J.: 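My questions all concern the structure below.
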Amino acid sequence: MRIVQSIAQLRAALQHHDSIGLVPTMGALHDGHGALIDRSVRDNRTTVVSLFVNPLQFDRPSDLAAYPRILDADAAFAQARNADILFAPDASEMYPQPQRAFVHLELLPDHLCGRFRPGHFRGVATVVLKLLDIVRPHRAYFGEKDAQQLAIIRRMTADLNVLVEIVPVPTVREPDGLAMSSRNRLLAPNHRALAPLLFQTLRDAAQLIASGETNPETVQASARAAIAAAPDIRLEYFEIVDPAELQPVERINGPVLVALAAFLGSVRLIDNVLARPAVTEPRP
Ligand code: PAF
């Protein structure tokens, strides 16, 4: 595996490659990233893993400062999963001058994480579009854990006619259900012990929906009560939205994305499930 830090070198290295998969990451790689890399290695002749902690998408400077940076361990991880190139530029390579051009999406960032993290998805969409243009992959791989990010990137590439296939990869979980995340390693032991309650609450909500509950407020109230019983968890949001436009639904009569964000101490975790009602009504 080659480690490349400059855009010019990366473009030169990829010049004659005809089947390229891109796995964009911010490092601190874990088995969730491993699943993205494995899928890309299976689908493509060349897999590029990008590792860039993108300052543009952090709304809290303390979050950017605390984000784990472990390049050597990440390089060993990517190599062990058979990636071909690790693209690890620094901020001056990605943003050599103050950034004046950004990708702005309407509607999709208005709820879920976007409501609480102003500018976050503008930063994500902008850096992903830059990476897609730098690498020109045939396929790019994103985890379903970041459901809003995935929906936004799909919509951006479709609306802007970016020639790439966006491949969603299912969330990888710890044996107790906690979704794998680079932030999990920042959890205090007592918070780590509580964290599986998040997925448990989502599963219970999906169960309620599958058993016929069509009122989102009833599902939300039950989830909020479950999380309020754990005093160390501060729920930021628990929302039920349509999976494409990410807008809250008034009635659950088709598949819905059930998503939450919560703070355990200062660590913010997100998770989601796709829930299906007992009977899906045809759209009018
Ligand atoms: O999901 C992430 O790690 C980041 O948001 C991404 C897609 C690499 C963009 O910085």
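For ligands, and for the atoms within them, numbers begin at 1 and follow the listed sequence. Here the structure is a predicted model, which means the values were calculated and not measured.
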J.: Under 4.0 Å from any heavy atom of T25, which atoms of ligand 1 are there?
T.: 8 (C)

J.: Whether R115 engages the ring of Y237 as a cation-pi pair (distance to the six-membered ring centre under 6.0 angstrom, angle to the ring normal within 45°) should be assessed.
T.: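 Ring-cation test returns no.
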
J.: Under 4.0 Å from a heavy atom of P24: which atoms of ligand 1 are those, numbered in the order shown and with their elements?
T.: 8 (C)

J.: Would you mind checking if D59 and R122 are paired as a salt bridge, meaning a charged N to carboxylate O distance below 4.0 Å?
T.: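 No, R122 and D59 are not salt-bridged.
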
J.: Run down the list H120, K145, M26 and name the one with the heavy atom closest to atom 3 (O) of ligand 1.
T.: M26

J.: Which residue and non-hydrogen atom of the protein lie closest to atom 7 (C) of ligand 1, and at what distance in Å?
T.: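 Here the closest protein heavy atom is Q149 NE2, 3.4 Å.
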
J.: Mark up the atoms of ligand 1 that fall under 4.0 Å of a heavy atom belonging to V127, in ascending order.
T.: 9 (C), 10 (O)

J.: For atom 9 (C) of ligand 1, grab the closest protein heavy atom and report residue, atom and distance to one decimal in Å.
T.: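 Going by distance alone, atom 9 (C) of ligand 1 is nearest to Q57 OE1, 3.4 Å.
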
J.: Taking atom types as modelled, find out whether H120 and Q57 have a side-chain donor-acceptor pair closer than 3.5 angstrom.
T.: no

J.: Between R39 and Y141, is NZ or CZ placed under 6.0 angstrom from the six-membered ring centre and within 45° of the ring axis?
T.: no

J.: Decide, yes or no, whether a salt bridge links D159 with R154 under the criterion of side-chain N to carboxylate O below 4.0 Å.
T.: no

